[in-house]
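Just below is one structure, and these are the notes that go with it.
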Protein chains: 2
Amino acid sequence: MNKMQDLENCKNCNCKTSIFKSLSTEELEQINKGRYTVNYKAGEILFKQGTPSPHFVCLTKGLAKLYIEGYGKNLILSLVKPVDYIFGPGTYVDNRHYYSAAAVEDTTACLVDVNIFKQLVRENPDFAEEFICRVSRQAIFNFDQVVSLTQKQMPGRIADVLFYLRDKIYEKNPFEISISRQDLADLSGMSKESSIRILKELKDEGILRITGNTIEILNEKQLRQISQTG
Amino acid sequence: MNKMQDLENCKNCNCKTSIFKSLSTEELEQINKGRYTVNYKAGEILFKQGTPSPHFVCLTKGLAKLYIEGYGKNLILSLVKPVDYIFGPGTYVDNRHYYSAAAVEDTTACLVDVNIFKQLVRENPDFAEEFICRVSRQAIFNFDQVVSLTQKQMPGRIADVLFYLRDKIYEKNPFEISISRQDLADLSGMSKESSIRILKELKDEGILRITGNTIEILNEKQLRQISQTG
DNA sequence: TGTTTTGATTGATATATATCAATTTCCTGA
DNA sequence: TCAGGAAATTGATATATATCAATCAAAACA
């Protein structure tokens, strides 16, 4: 275990900026007591779909992907970066994970006993409300995603993923992706060959500049157009 | 307004069997006071995607569809029957509907001021927990759906929809569907022509018996197989 | 009762996308 | 520095699915 990590405390952690802002010092202390820190190398699995879900996960470093293992293929639901937490729907249903999580980059996470979390939801209405807000935003995001995946053709889906990566994950342009082409395909619901081809087409049309894993959106308006058109 | 409806009271309504079971008589009374009953004819719209969402809806009679209006097509998220309630993710985010709802059959619904609901979530931890459970189950359902829609081919998707209709909506076999072929297509993410063709194929293979709007699953095992295979 | 309209069905065709196979590039470890 | 393996790329082909157009059945209507 990394000593630096162990010296950290929820009280001065960035996590506080998230839903934890409604917690008192004592409540944060409760979370802190039931917390432990784990490091994952890129590629390592945080948890597998179907396994019990005894804690919720707060990402403090790196990048992880949440993905459903379907029939042969994977579907990546979202990427998670610091400071964000992973809280699956199984926690309040049957205590199972309904998706898997894997580190895309070297990643550090805090694991907190789920019962402490549930207790706080019961005791602190602000926290509960904040949590419900959070789950709701997640649901809205999923709606957009399912519409994109089921109603748009490949160029539109790739466009949506590129905007997602630029605006929500890497937050710059150009951005260097740490995910593979396969991941890109799993995010947009297509084969990796197709994702590569579409990327190449967008590059040839001058909408993107691509050098290895670095992508720059050159013509935002036209890419937006492609996203709209389907 | 129907007098019968007005005489009803939340205290002896079937809704109590749902998440409302954790509410006290006084709390149910609060809901009852802020409640009004509305009747919709088949085809009428309960609310439109994008409009404000000032109340949550409890279905007491009929059948409704929840659908996202996408790019040209609709995607039906789910069907709602009595006694179930409709509570969109926008309520805790920006107070907008993220999907539309329309009556499929003649439908009666209770509308309750969303602020009363939110207040109860804050005051009654059991109710809050029950509500989160509910939202979680919804999320799990959506996961299954998105996997079906993005990873299975048409016969598998139709198979999933048929099981959904038999087990969750009509709860009998054979069942007479009150939804159109277009709705069937919107549930399974394909064109209506395709949905008709797959249905016909399943009929020709002896897996289904179809007479007009009555469908009977004859060979459950084989249909399950088709759902699995994709 | 006939007429009109709507939804269901079928067939022919176009097209988006997956799959398979072959290279090529890149990265890692000895 | 090289060898081996993994990932990325490209091309050829097969296939699932949408689209278009026509017909048919059924329900609403006057």
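Here is how names work: the chains are called A, B, and so on, in the same order as the sequence lines, proteins then strands, and each is numbered from 1.
- Closest heavy-atom contact between A/A42 and A/D106: N-OD1, 2.8 Å.
- Side-chain atoms of B/P155 lie closest to D/dT17 of the nucleotides C/dT17, D/dT17, C/dG11.
- Put simply, NZ on A/K200 is 4 Å from P on D/dT10, counting in whole angstrom units.
- Residue A/E193 has its side chain nearest to C/dC20 when only C/dC20, D/dA18, D/dT19 are considered.
- Between C/dC20, D/dA18, C/dT17, one nucleotide has an atom nearer to the side chain of B/S191 than all others, and that is D/dA18.
- When distances run from any side-chain atom of A/S194 to the nucleotides C/dA18, C/dT9, C/dT10, the shortest one goes to C/dA18.
- Across the protein-nucleic acid pair, B/R181 atom CZ and C/dT6 atom C1' stand 14 Å apart, rounded to whole Å.
- Counting any heavy atom pair closer than 4.0 Å across all strands shown, B/S180 reaches sugar-phosphate atoms only and no base atom.
- Of the listed residues (B/F47, B/Y92, B/Y85), just one forms a ring pair (Phe, Tyr, Trp, His ring centres under 6.0 Å) with B/F56, and that residue is B/Y85.
- Rounded to a whole Å, the NZ atom of B/K192 is 13 Å from the P atom of D/dA21.
- In this structure the side chain of A/I179 never reaches within 4.5 angstrom of the side chain of A/I169, judged on heavy atoms.
- Summarising the geometry, the separation between NZ on B/K203 and P on C/dA8 is reported as 14 Å, rounded to the nearest angstrom.
- Looking at A/R197, its side chain comes within 3.5 Å of the base of C/dT19 through a donor and an acceptor atom.
- Nucleotides of DNA chain C nearest to B/I210 and A/Q153 differ in position, and the one nearer the 5' end is that of B/I210.
- Per the geometry, OH belonging to A/Y71 stands 18 Å off P belonging to C/dA18, to the nearest Å.
- With ring centers used as reference points, A/Y98 lies 6.0 Å or more from B/F143.
- D/dT9 atom C1' lies 14 Å from atom CD1 of A/I198, rounded to whole Å.
- Taking atom CE on B/M154 and atom P on C/dA16, their separation rounds to 16 Å, with Å as the unit.
- Atom NZ in A/K152 sits roughly 18 Å away from atom C1' in C/dT17 (whole-Å rounding).
- Residue A/I196 has its side chain nearest to D/dA8 when only C/dA8, D/dA8, D/dA12 are considered.
- Looking at A/N219 and A/R224, their side chains never bring a donor and an acceptor atom within 3.5 Å of each other.
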